[in-house]
Number of protein chains: 2
Amino acid sequence: MRKSSSLKTAALEKSSHLEYFRIAVSVDCVIFGYEEKELKVLLIKSDLKEFAGMYSLLGDLVRPDEDLDEASYRVLKERTDLDDVFLQQVHTFGAVNRHPSGRVVSTAYYSLVNINNHKLKINNNDLRWHPVKGAYKLAFDHKDILTTCLQHLRGRIEEHPVVHNLLNEKFSLRELQEVYEAILNAPLDRRNFRKKITLKNWLVDLNEMEDNVPHRPGKLYKFNKKYIR
Amino acid sequence: MRKSSSLKTAALEKSSHLEYFRIAVSVDCVIFGYEEKELKVLLIKSDLKEFAGMYSLLGDLVRPDEDLDEASYRVLKERTDLDDVFLQQVHTFGAVNRHPSGRVVSTAYYSLVNINNHKLKINNNDLRWHPVKGAYKLAFDHKDILTTCLQHLRGRIEEHPVVHNLLNEKFSLRELQEVYEAILNAPLDRRNFRKKITLKNWLVDLNEMEDNVPHRPGKLYKFNKKYIR
DNA sequence: CCAAAAGTGTTGGCATTACACCCATGA
DNA sequence: TCATGGGTGTAATGCCAACACTTTTGG
C-alpha cells in the first residue's frame, strides 16, 4: 500500500470495467501502549518518498478473502505477534487525496497492548513506540486518525475496563490511576478515583502487596475476568 | 516484515495490486424520517434475485474521484433531491460474504430528513418509508446496519439537537417529545422532558400558538440556529 | 360539561467534586 | 527522621426520576 506508485499501471487503466474497483481498501491500526507513565503509539518509518523521514501508523491493504476486522487483527499480529487483543473500529477515512499515490479508503482501528508482554516482539528498526502527547506530524492523514482514536479511547475508558490491556496482570491503584491520567492527559483526584473504581466493581483484591517500592507498599489488584473482553 | 518485503518487488506489486483492487467500496445510507408519530426509514426494493421481494437501504459504489462522505451525499441527493442535510458516518461493514455477488466493503451513514419537505420527491415506486420498529428482514446485512445506526442516533439526540431535521420549522413541545419517544421507543415524562430541553437552550420561543388542534393549543418553538449544524 | 392535552415544582436519591490528615515503608 | 506515596470520609452541589393538579380549548 505504501509503495503504490504502480497504482495507475497501464494494465489497470485499460480495464475500464474495473472502474469501481480502482479504490483500494486498507486498515490502519492505532496501537496504544503504556510505558513510563506515558501513553505511546506504535509507529513505523514511512517508506514513501513523499513522507521521507516521517512515521506512520501500521496498516495494510485488506485482502479479498479476509473480513475487515480480520485484516486489522492480521496487521497487529504481524507486527506485535500478539493475538486475542482488544481491537475497536473507529472511523473510515476516505478523502480522495489522502494517499499520494492512489485512491485508498482506510478504516481505522485502535488497540491497547501491554508493552512489557513477553510475546511482544518489536523486531524491526523502523518500528518505535512514540509518545502520543505533543505536536508532531505523521504521514498521510495519520495524525487525524490518531486524534480520532484517542478521543474514542478517552470515552471508552470511562465505561469499560479496557485499560487492563495496557497493564500487567497485577497492579496497584496508583498504577491504574496513572494509566487513566496518561490517557486523559489530566490529573485525577486520588480519593475520588478510588471511589469511582470501587463502585464499578471491576477489580479483585489479591490480598497481596507491592514490593520493591521506596515507600509504603500498596495493595495489588487484578481485573475481574467477568468484565473484561 | 511481510508488507515491506512484498512491496519491494515490482512484479509482486503488480499482481498483488490487481488482487487488492478486487474489493469494491460502497456507502449505505440509513435515511430516517418521522411521520405519524413513528420513526421511518427509506428503503428500496432489492433488484437482486438473491433478495427477491426484500428491501434494502439506499447505497451505491463510491466513485474513484469522490470522497467517501461525498458519495453518501450523492446517494441521498439522487434519491431525495435534498441537499445540505445532516449525514453522519457510523461504521464500516466488511465481512467477506456480506454481498452475494462480490466483495463489497460498505461504510454506513445515517441521515435525518423531513418527510414533509416540499423538495423531497420519492419518485420511484420501489422506494418506501418503512417503520423502523418491528421484526423484519432486509437484504444483505442491512438490518445490522440499521440497528447500529439507530443506536448511534439514540446516543446522538441526547447531546445534539439533530432532530430538527425531522420536524417542520415550527413545532410544539409535545411534537418534539413525540419525536424523542419514537426514536428511543420509550415514553418520556413530560415535565422532566421539558425541563431538560429548557436547560439545553436549543429552542426559541416563537410566541405563537398551535392551531387546529382539538384541545388547548401549545406554544410553538423553533430551533436556535446557533446550535444546529 | 366533557375530552384532551398544556403548563407547571418539589422531593429524594444518587453521583460528583473538593478537600486534609495520619500511616507504613525504605533509605 | 525524612521522603514518598497509601489509605481513608464528609459536606456541598448538581443531575435525575417520580409524581398531580389546574388551565385552556374545541366539540
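Residue numbers start from 1 in every chain, and the chains themselves are labelled A, B, ... in the order their sequence lines are given, proteins ahead of strands.
Straight-line distance from the CG atom of A:Leu173 to the P atom of D:dT4: 21 Å, rounded to whole Å. Straight-line distance from the CD atom of A:Glu208 to the C1' atom of D:dG6: 17 Å, rounded to whole Å. Atom CD of B:Glu175 and atom P of C:dA6 are 9 Å apart (whole Å). What separates CG of A:Leu176 from C1' of D:dG7 is a distance of 16 Å, to the nearest Å. What separates CD1 of A:Ile197 from C1' of D:dG7 is a distance of 16 Å, to the nearest Å. For A:Asn212 and D:dT4, the CG to P distance is 19 Å, given to the nearest whole Å. For the pair B:Phe193 CZ and C:dG9 C1', the computed distance is 18 Å after rounding to whole Å. To the nearest angstrom, P of C:dG7 lies 7 Å from NZ of B:Lys219.
Annotation for A:Lys143: atom NZ counts as buried by contact number, over 12 foreign heavy atoms lying within 6.0 Å. Around the NZ atom of A:Lys200, the shell of radius 6.0 Å holds more than 12 heavy atoms that belong to other residues, nucleotides or ligands.
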Q: Encode nucleotides 22-27 of chain D as B, S and - characters from 5' to 3', where the letter depends on protein heavy atoms closer than 4.0 Å: B to the base, S only to sugar-phosphate, - to neither.
A: -BBBS-
Q) Which letter, B, S or -, goes with each nucleotide of nucleotides 11-19 of chain C from 5' to 3', with contact meaning a protein heavy atom under 4.0 Å? A) ------BBB
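Closest approach of A:Pro161 to A:Ile228, counting heavy atoms only: CG-CG2, 4.3 Å. Shown here for A:Val104 and A:Ser26, the closest heavy-atom pair between the two residues is CG1-OG, 3.5 Å.
The ring of A:Phe193 has its center closer than 6.0 angstrom to the ring center of A:Tyr180.
Under the rule for a side chain to side chain contact (heavy atoms under 4.5 Å, CB included), the partners of A:Glu35 that lie at least two apart in sequence or sit in another chain are A:Lys40, A:Ile115.
For the pair B:Arg98 and B:Phe93, the cation-pi test (distance below 6.0 Å, angle within 45°) is failed.
In this structure, A:Arg174 reaches the sugar-phosphate backbone alone: every heavy-atom distance under 4.0 Å involves primed, P, OP1 or OP2 atoms, never a base. B:Arg194 comes within 4.0 angstrom of a nucleotide base, judged by non-hydrogen atoms across all strands.
Among the candidates B:Asp81, B:Asp84, B:Asp83, the single residue satisfying the salt bridge (charged side-chain N to carboxylate O under 4.0 Å, His left out) test with B:Lys119 is B:Asp83.
Between A:Arg174 and A:Glu210 there is a salt bridge, since at least one side-chain N of the basic residue sits less than 4.0 Å from a carboxylate O of the acidic one.
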